[in-house]
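Notes follow once the structure below has been shown.
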Amino acid sequence: LSPNDYDVAYSNNTKKTTDATIIITGKNNLTGTPTAAVKFKIYNHTFDDISIKVHDYTTTKVGTVNGNTSFTTEYNPTYSAGTSLVKASDVVLTDKDGNVLKNQIDYTMSTSSSSAAQGGTITILGKSGTSYAGAQATVTFKINKMNISDPAITVTPGKVDTNNKPTATVVDTTNGAAGSGLEVTLKEGTDYYITDDPAKKQTDTITWPTSAGMHTFYINGIGNYTG
(Lines give C-alpha, C1' and ligand atoms only; values in the text may rest on other atoms or scores of the structure.)
Protein backbone atom coordinates (compact mmCIF):
# COMPACT_ATOMS: atom_id res chain seq x y z
CA LEU A 1 0.00 0.00 0.00
CA SER A 2 1.00 3.58 -0.57
CA PRO A 3 1.05 6.05 2.32
CA ASN A 4 -1.51 7.95 0.25
CA ASP A 5 -4.02 5.14 0.87
CA TYR A 6 -4.35 5.53 4.63
CA ASP A 7 -3.96 7.83 7.61
CA VAL A 8 -2.36 6.87 10.92
CA ALA A 9 -3.36 8.30 14.28
CA TYR A 10 -2.40 7.44 17.84
CA SER A 11 -4.43 7.29 21.02
CA ASN A 12 -3.41 7.07 24.71
CA ASN A 13 0.26 6.84 23.79
CA THR A 14 1.89 9.52 25.93
CA LYS A 15 2.46 7.59 29.16
CA LYS A 16 2.91 4.11 30.60
CA THR A 17 -0.15 2.03 29.71
CA THR A 18 -1.38 -1.36 28.55
CA ASP A 19 -3.95 0.22 26.21
CA ALA A 20 -2.13 2.45 23.72
CA THR A 21 -3.67 2.36 20.22
CA ILE A 22 -2.62 2.88 16.61
CA ILE A 23 -5.63 3.80 14.43
CA ILE A 24 -5.36 3.21 10.64
CA THR A 25 -8.07 4.68 8.40
CA GLY A 26 -8.24 4.04 4.64
CA LYS A 27 -8.56 6.86 2.12
CA ASN A 28 -8.35 7.45 -1.62
CA ASN A 29 -8.19 3.96 -3.16
CA LEU A 30 -9.20 2.45 0.20
CA THR A 31 -12.14 4.74 0.88
CA GLY A 32 -14.78 2.90 2.82
CA THR A 33 -12.31 0.39 4.24
CA PRO A 34 -13.07 -0.18 7.94
CA THR A 35 -10.78 1.49 10.44
CA ALA A 36 -8.11 -0.79 11.89
CA ALA A 37 -6.99 -0.40 15.51
CA VAL A 38 -3.79 -1.98 16.85
CA LYS A 39 -3.35 -2.16 20.63
CA PHE A 40 0.09 -2.06 22.23
CA LYS A 41 1.77 -1.51 25.61
CA ILE A 42 4.02 1.35 26.61
CA TYR A 43 6.61 0.48 29.20
CA ASN A 44 7.93 2.96 31.73
CA HIS A 45 11.62 2.12 31.17
CA THR A 46 12.66 4.25 34.16
CA PHE A 47 12.06 4.22 37.91
CA ASP A 48 11.29 7.95 37.92
CA ASP A 49 7.87 7.48 39.55
CA ILE A 50 9.12 5.01 42.15
CA SER A 51 9.97 5.69 45.79
CA ILE A 52 12.53 3.44 47.48
CA LYS A 53 13.14 2.73 51.16
CA VAL A 54 16.12 0.86 52.62
CA HIS A 55 15.63 -0.39 56.19
CA ASP A 56 12.79 2.17 56.49
CA TYR A 57 15.17 4.96 55.45
CA THR A 58 13.66 7.13 52.71
CA THR A 59 15.82 7.65 49.64
CA THR A 60 16.26 10.90 47.74
CA LYS A 61 16.12 10.82 43.95
CA VAL A 62 19.13 12.47 42.36
CA GLY A 63 18.14 12.16 38.70
CA THR A 64 17.92 9.87 35.69
CA VAL A 65 20.64 9.46 33.07
CA ASN A 66 20.26 7.00 30.18
CA GLY A 67 17.47 5.16 31.98
CA ASN A 68 19.41 4.80 35.25
CA THR A 69 17.68 6.61 38.13
CA SER A 70 20.02 7.42 41.01
CA PHE A 71 18.96 7.59 44.66
CA THR A 72 20.82 8.28 47.91
CA THR A 73 19.86 7.43 51.48
CA GLU A 74 20.95 8.15 55.03
CA TYR A 75 21.01 4.40 55.77
CA ASN A 76 24.42 3.96 57.39
CA PRO A 77 25.13 0.40 58.60
CA THR A 78 28.31 -0.72 60.34
CA TYR A 79 30.84 -2.55 58.20
CA SER A 80 31.72 -6.09 59.17
CA ALA A 81 33.94 -8.29 57.03
CA GLY A 82 31.98 -10.80 54.98
CA THR A 83 28.57 -9.41 56.02
CA SER A 84 25.84 -8.54 53.52
CA LEU A 85 24.69 -5.10 54.66
CA VAL A 86 21.48 -5.16 52.60
CA LYS A 87 19.08 -8.04 51.93
CA ALA A 88 16.28 -8.08 49.35
CA SER A 89 13.69 -7.87 52.13
CA ASP A 90 15.30 -4.62 53.36
CA VAL A 91 14.43 -2.77 50.15
CA VAL A 92 10.88 -1.62 49.37
CA LEU A 93 9.83 -0.08 46.04
CA THR A 94 6.49 1.72 45.82
CA ASP A 95 4.93 3.31 42.74
CA LYS A 96 3.12 6.66 42.70
CA ASP A 97 -0.22 4.93 43.31
CA GLY A 98 1.03 3.24 46.48
CA ASN A 99 1.49 -0.21 44.96
CA VAL A 100 4.48 -2.14 46.29
CA LEU A 101 6.60 -3.70 43.54
CA LYS A 102 7.64 -7.33 43.98
CA ASN A 103 11.23 -8.57 43.88
CA GLN A 104 11.82 -11.19 41.15
CA ILE A 105 8.47 -10.30 39.56
CA ASP A 106 8.73 -6.58 38.79
CA TYR A 107 12.48 -6.23 39.30
CA THR A 108 15.70 -7.91 40.39
CA MET A 109 18.31 -6.45 42.70
CA SER A 110 21.93 -6.92 43.68
CA THR A 111 24.09 -5.25 46.30
CA SER A 112 27.72 -4.27 46.51
CA SER A 113 29.23 -3.26 49.84
CA SER A 114 32.71 -2.36 48.69
CA SER A 115 34.13 -0.68 51.79
CA ALA A 116 33.37 1.76 54.55
CA ALA A 117 35.35 4.41 52.68
CA GLN A 118 33.56 3.95 49.34
CA GLY A 119 30.13 3.00 50.68
CA GLY A 120 27.64 0.50 49.33
CA THR A 121 25.47 0.28 46.25
CA ILE A 122 22.10 -1.34 45.49
CA THR A 123 21.36 -1.97 41.81
CA ILE A 124 17.74 -2.57 40.78
CA LEU A 125 16.78 -3.76 37.27
CA GLY A 126 13.26 -3.84 35.83
CA LYS A 127 12.13 -7.32 34.75
CA SER A 128 11.45 -8.07 31.10
CA GLY A 129 7.75 -8.05 30.24
CA THR A 130 6.82 -5.58 32.98
CA SER A 131 6.17 -1.85 32.92
CA TYR A 132 9.75 -1.36 34.10
CA ALA A 133 11.53 -3.52 31.51
CA GLY A 134 14.89 -1.94 30.75
CA ALA A 135 14.74 0.45 33.72
CA GLN A 136 17.55 0.67 36.25
CA ALA A 137 17.88 2.29 39.65
CA THR A 138 21.05 2.72 41.69
CA VAL A 139 20.88 3.46 45.43
CA THR A 140 24.06 4.49 47.23
CA PHE A 141 24.53 4.52 50.99
CA LYS A 142 27.28 5.22 53.49
CA ILE A 143 28.92 2.57 55.68
CA ASN A 144 30.27 3.06 59.20
CA LYS A 145 33.65 1.59 60.06
CA MET A 146 33.53 -1.17 62.67
CA ASN A 147 35.40 -0.45 65.92
CA ILE A 148 38.29 -2.83 66.41
CA SER A 149 37.36 -3.06 70.11
CA ASP A 150 33.89 -4.41 69.29
CA PRO A 151 33.13 -7.58 71.32
CA ALA A 152 32.68 -9.46 68.05
CA ILE A 153 36.38 -9.00 67.28
CA THR A 154 38.77 -11.33 69.11
CA VAL A 155 42.51 -10.78 69.50
CA THR A 156 44.86 -13.66 70.27
CA PRO A 157 48.47 -12.59 71.02
CA GLY A 158 51.20 -14.50 69.22
CA LYS A 159 54.98 -14.71 69.53
CA VAL A 160 57.32 -11.83 68.75
CA ASP A 161 58.97 -11.94 65.34
CA THR A 162 62.69 -11.66 64.58
CA ASN A 163 62.50 -7.87 65.03
CA ASN A 164 60.95 -8.26 68.50
CA LYS A 165 57.66 -7.04 67.09
CA PRO A 166 54.62 -8.71 68.67
CA THR A 167 52.16 -10.58 66.49
CA ALA A 168 48.47 -11.35 66.90
CA THR A 169 45.57 -13.12 65.25
CA VAL A 170 42.57 -10.80 64.90
CA VAL A 171 39.23 -12.35 63.97
CA ASP A 172 35.85 -10.79 63.20
CA THR A 173 33.18 -13.17 64.56
CA THR A 174 30.14 -11.10 63.57
CA ASN A 175 28.91 -13.83 61.23
CA GLY A 176 29.92 -16.80 63.36
CA ALA A 177 32.20 -17.94 66.17
CA ALA A 178 35.82 -18.89 65.56
CA GLY A 179 35.94 -22.36 64.01
CA SER A 180 32.47 -22.07 62.47
CA GLY A 181 33.86 -21.24 59.05
CA LEU A 182 31.89 -17.99 59.04
CA GLU A 183 34.45 -15.95 60.92
CA VAL A 184 36.83 -13.62 59.05
CA THR A 185 40.51 -13.28 59.92
CA LEU A 186 41.59 -9.66 59.56
CA LYS A 187 44.77 -8.71 57.73
CA GLU A 188 47.54 -6.75 59.38
CA GLY A 189 48.37 -3.67 57.34
CA THR A 190 44.94 -3.69 55.73
CA ASP A 191 42.49 -3.93 58.63
CA TYR A 192 44.75 -3.13 61.60
CA TYR A 193 48.28 -2.39 62.70
CA ILE A 194 50.18 -3.18 65.91
CA THR A 195 51.77 -0.37 67.89
CA ASP A 196 53.32 0.37 71.28
CA ASP A 197 51.26 3.53 71.67
CA PRO A 198 47.60 3.86 70.60
CA ALA A 199 48.24 7.50 69.65
CA LYS A 200 50.82 6.54 67.04
CA LYS A 201 49.96 6.37 63.36
CA GLN A 202 50.63 3.36 61.18
CA THR A 203 53.61 5.13 59.57
CA ASP A 204 55.24 6.17 62.86
CA THR A 205 58.55 4.56 63.82
CA ILE A 206 58.39 2.04 66.66
CA THR A 207 61.33 0.66 68.61
CA TRP A 208 60.21 -2.59 70.15
CA PRO A 209 61.63 -3.55 73.58
CA THR A 210 64.34 -6.19 73.67
CA SER A 211 64.42 -6.85 77.41
CA ALA A 212 62.57 -9.70 79.03
CA GLY A 213 59.36 -8.89 80.90
CA MET A 214 55.77 -7.89 80.35
CA HIS A 215 55.19 -5.38 77.57
CA THR A 216 51.97 -3.89 76.27
CA PHE A 217 51.02 -3.51 72.64
CA TYR A 218 47.90 -2.12 70.97
CA ILE A 219 45.77 -3.04 67.95
CA ASN A 220 44.59 0.01 65.96
CA GLY A 221 41.93 -0.32 63.27
CA ILE A 222 42.48 0.94 59.72
CA GLY A 223 40.72 0.49 56.38
CA ASN A 224 37.17 -0.65 57.14
CA TYR A 225 37.93 -0.64 60.88
CA THR A 226 38.57 2.09 63.39
CA GLY A 227 39.56 2.46 67.04
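We use all heavy atoms of the structure for the numbers below, so side chains are in, but hydrogens, waters and symmetry mates are not. All values derive from a computational prediction rather than experimental measurement.
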Would you kindly confirm whether [X] and [Y] end up in one hydrophobic cluster when ILVMFWY residues are joined by side chain heavy atoms under 4.5 Å apart?
X	Y	value
Phe217	Leu186	yes
Ile194	Val155	yes
Trp208	Ile219	yes
Leu85	Ile122	yes

For [X] and [Y], test the side chains for any donor-to-acceptor distance below 3.5 angstrom and give the result as yes or no.
X	Y	answer
Thr169	Thr156	no
Asn164	Thr210	no
Asp172	Tyr225	yes

Rounded to the nearest 0.5 Å, what's the gap from [atom1] on [X] to [atom2] on [Y]? Could you check?
X	Y	atom1	atom2	result
Ile148	Tyr193	CD1	OH	11.0 Å
Ile50	Leu101	CD1	CG	4.5 Å
Lys145	Ile222	NZ	CD1	9.0 Å
Thr205	Asp196	OG1	CG	10.5 Å
Asp191	Asn220	CG	CG	13.0 Å

Given 3.5 Å as the limit, does a donor-acceptor pair link the side chain of [X] with the main chain of [Y], or not?
X	Y	result
Asn147	Ser149	yes
Lys159	Pro166	no
Asn163	Lys165	no
Thr59	Ile52	yes
Asp90	His55	no
Lys61	Ser70	no

With side chains defined as the heavy atoms from C-beta onward, is the minimum distance between [X] and [Y] less than 4.5 Å?
X	Y	value
Ile206	Thr195	yes
Pro77	Phe141	yes
Gln136	Thr123	yes
Val62	Thr72	yes
Thr108	Ile124	no
Val86	Tyr75	yes
Thr138	Thr121	yes
Thr73	Thr60	no

Open item on the list: My understanding is that only one of Asn103, Leu125, Val139 makes a side-chain contact (heavy atoms from CB on, under 4.5 Å) with Met109; could you say which?
Closed with: Asn103

- [ ] Quickly, which of Leu93, Val92, Asp106, Asp95 forms a side-chain contact (heavy atoms from CB on, under 4.5 Å) with Val100? Name it, please.
- [x] Val92

TODO: Report the C-alpha separation of Asp204 and Lys201 in whole Å, then their side-chain angles, then the decisive distance to 0.1 Å, and conclude whether the salt bridge (Lys or Arg N to Asp or Glu O under 4.0 Å) test is met.
DONE: CA-CA 5 Å; Asp204 290 345; Lys201 298 179 180 179; over 6 Å; no

Are more than 12 heavy atoms, taken from residues, nucleotides or ligands other than [X], located less than 6.0 Å from that residue's [atom1] atom?
X	atom1	result
Lys142	NZ	no
Asn99	CG	yes
Lys200	NZ	yes
Gln202	CD	yes

Task: Partner set under side chain to side chain donor-acceptor pair (under 3.5 Å) for Tyr192, not counting sequence neighbours - done: none

Task: Parallel, tilted or perpendicular: ring planes of Phe47 versus Tyr132, cut at 30 and 60 degrees - done: parallel

TODO: Over all heavy atoms of both residues, which pair between Ala133 and Ser128 is shortest? Give the atoms and the distance, please.
DONE: CB-CA, 4.0 Å

